[in-house]
Visitor: 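Structure below; questions to follow.
Predicted, not measured: the structure shown is a model, and the values here were computed from it. The figures that follow rest on heavy atoms only: side chains count, while hydrogens, waters and symmetry mates do not. Convention: sequence-line order gives letters A, B, ...; per-chain numbering from 1.
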Number of protein chains: 2
Amino acid sequence: MARKPAEQTVHPDEIIRAAAVVFHRQGYHGATMADIAAEVKLTAGSLYHHFPGKEDLLLAVLDRGLAQITHDVRAVVESSDPSPAKLRQIVHIHIHSELEDSIIAAAVIFESRVLLNVPGVRDRYVSQRDTLENLYRRVIDVGIASGDFRAVDVGIFVKTLFGALNWVSVWYRQDGRLTEAEIADEITDTFLAALHTG
Amino acid sequence: MARKPAEQTVHPDEIIRAAAVVFHRQGYHGATMADIAAEVKLTAGSLYHHFPGKEDLLLAVLDRGLAQITHDVRAVVESSDPSPAKLRQIVHIHIHSELEDSIIAAAVIFESRVLLNVPGVRDRYVSQRDTLENLYRRVIDVGIASGDFRAVDVGIFVKTLFGALNWVSVWYRQDGRLTEAEIADEITDTFLAALHTG
DNA sequence: CCTATAATCAAATATAGATTTGATTATTCA
DNA sequence: TGAATAATCAAATCTATATTTGATTATAGG
């Protein structure tokens, strides 16, 4: 009788990614359902088979983006060895995630404000964001405690670092002077120098 | 016969500022002409007396925001004395301009992408942005040349600094833990430490 | 090979919101 | 004062686009 979900000609994940691409390119309001649909060779109407509406698409994008990057960063933070080295690792991961894995992260950065009015959503988003920020805080805290890092205001420091990292997706160019890894290293150098004791 | 422009019950500047506020709050596409009009007690239609259209409003906001902050930063850069002290000054000015004088700057940051497709506009915007960036570069360059600063990659460093500064408008809260000046100082400390030689 | 359901589409529907239009109400200056 | 024009408004227009609707097509399981 019933029938297993067919072999999803289009996987929901592909739609989320497509939405992220279009949101990033055109902004939430500037992105049309038709644009997103086109990205996966569907018509606008067909999207409604997979998602209840445009807002839910953005939600999914934000969720996914934050979850992804948080997952990656957590993996590093919770591995055994101590801190200064870790900071470099997570900056690399953050930038990589931002530029490659998920243009999603970039959409997150710029489009999250759109949903910040919807109350339930706001809470969820804020809590996810805090989780990520706390991972960074932990690394800095440990470094300060161990004497490896200067005693900065961790709250401001992390925001500062996030700002710098987020901004990368705005100015980064594939064909630019430096590679992604070189950029990540240079930025890490800056922040490690800033944390240098003495 | 003719008649001098009447005493502008509503000065164009007020409209630009209102537009900046609304763009910042709701994003370009999310801002309606009615929203902007309401901010200065007008009706949507009346705005067309002052500006040809919505896009021109954004243009004006960007122009004004960049011009303002560039003006302020230039004043410091072109004053006599040398560099390390200047960096602190311009960071203060930048943040102040961003938070108070012109929510405009914040709108600039987030909404500029919208216009980056319009060709003529793009060029103009990019050139204005470069002017501002170059002021920062100059300060860093001088510091490196004089041996006051470590020899960083100036291009990346300035982008990193901009990212951190721009991001402030996203997380800053009037009623937050620190004042605007304290935040500016903390951020300056971070970047000066990052430039510290040895 | 059927049948139920998923996946899709093309074509409506509905609505928001930018821009226009045609008055109406100041205001300056001659 | 009174023409000329600016500033404004309320209401009409027009367009884009999110969402719905009613088929049509494909596929998995029997």
Visitor: What do the steps show when you test Glu39(A) against Arg25(A) for salt bridge (Lys or Arg N to Asp or Glu O under 4.0 Å), and what is the final call?
Guide: CA-CA 12 Å; Glu39(A) 204 79 12; Arg25(A) 186 168 62 218; 3.6 Å; yes
Visitor: What is the separation between atom CD on Glu55(A) and atom P on dT17(D), rounded to the nearest whole Å?
Guide: 18 Å
Visitor: Would you kindly give the CG-to-P distance between Leu57(B) and dA18(C), to the nearest whole Å?
Guide: 11 Å
Visitor: State, to 0.1 Å, how close His29(B) and Lys54(B) come at their nearest heavy-atom pair, and which atoms those are.
Guide: O-NZ, 3.8 Å
Visitor: Tell me: NZ of Lys54(B) to P of dG17(C), nearest whole Å?
Guide: 9 Å
Visitor: Once you round it to whole Å, what is the distance between P of dA6(D) and NE2 of His11(B)?
Guide: 17 Å
Visitor: Does anything in residues 31-43 of chain B come within less than 4.0 Å of DNA chain C? Heavy atoms only, and list the residues if so.
Guide: Ala31(B), Thr32(B), Met33(B)
Visitor: Please state how far atom CG in Leu47(B) lies from atom P in dG17(C), giving the value in whole angstrom units.
Guide: 15 Å
Visitor: Mind checking the CD1-CG spacing from Ile140(A) to Leu135(A)? Nearest 0.5 Å is all I need.
Guide: 11.5 Å
Visitor: Does dC9(D) have its OP1 or OP2 closer than 4.0 Å to a side-chain nitrogen or oxygen of Ser46(B)?
Guide: yes
Visitor: OH of Tyr48(B) versus C1' of dA10(D): gap in Å, rounded?
Guide: 15 Å
Visitor: Rounded to whole angstrom units, what separation is found between the CZ atom of Phe51(A) and the P atom of dT20(D)?
Guide: 16 Å
Visitor: To the nearest Å, how far apart are His50(B) NE2 and dT19(C) P?
Guide: 15 Å
Visitor: Let me confirm one number: the CD1-CG distance from Ile187(A) to Leu192(A), rounded to the nearest 0.5 Å.
Guide: 12.0 Å
Visitor: Using the benzene-type ring in the case of Trp, are the ring centres of Tyr136(B) and Phe157(B) under 6.0 Å apart?
Guide: no
Visitor: Ignoring hydrogens and geometry beyond distance, is a side-chain donor-acceptor pair present between His94(A) and Asp72(A) at under 3.5 Å?
Guide: no
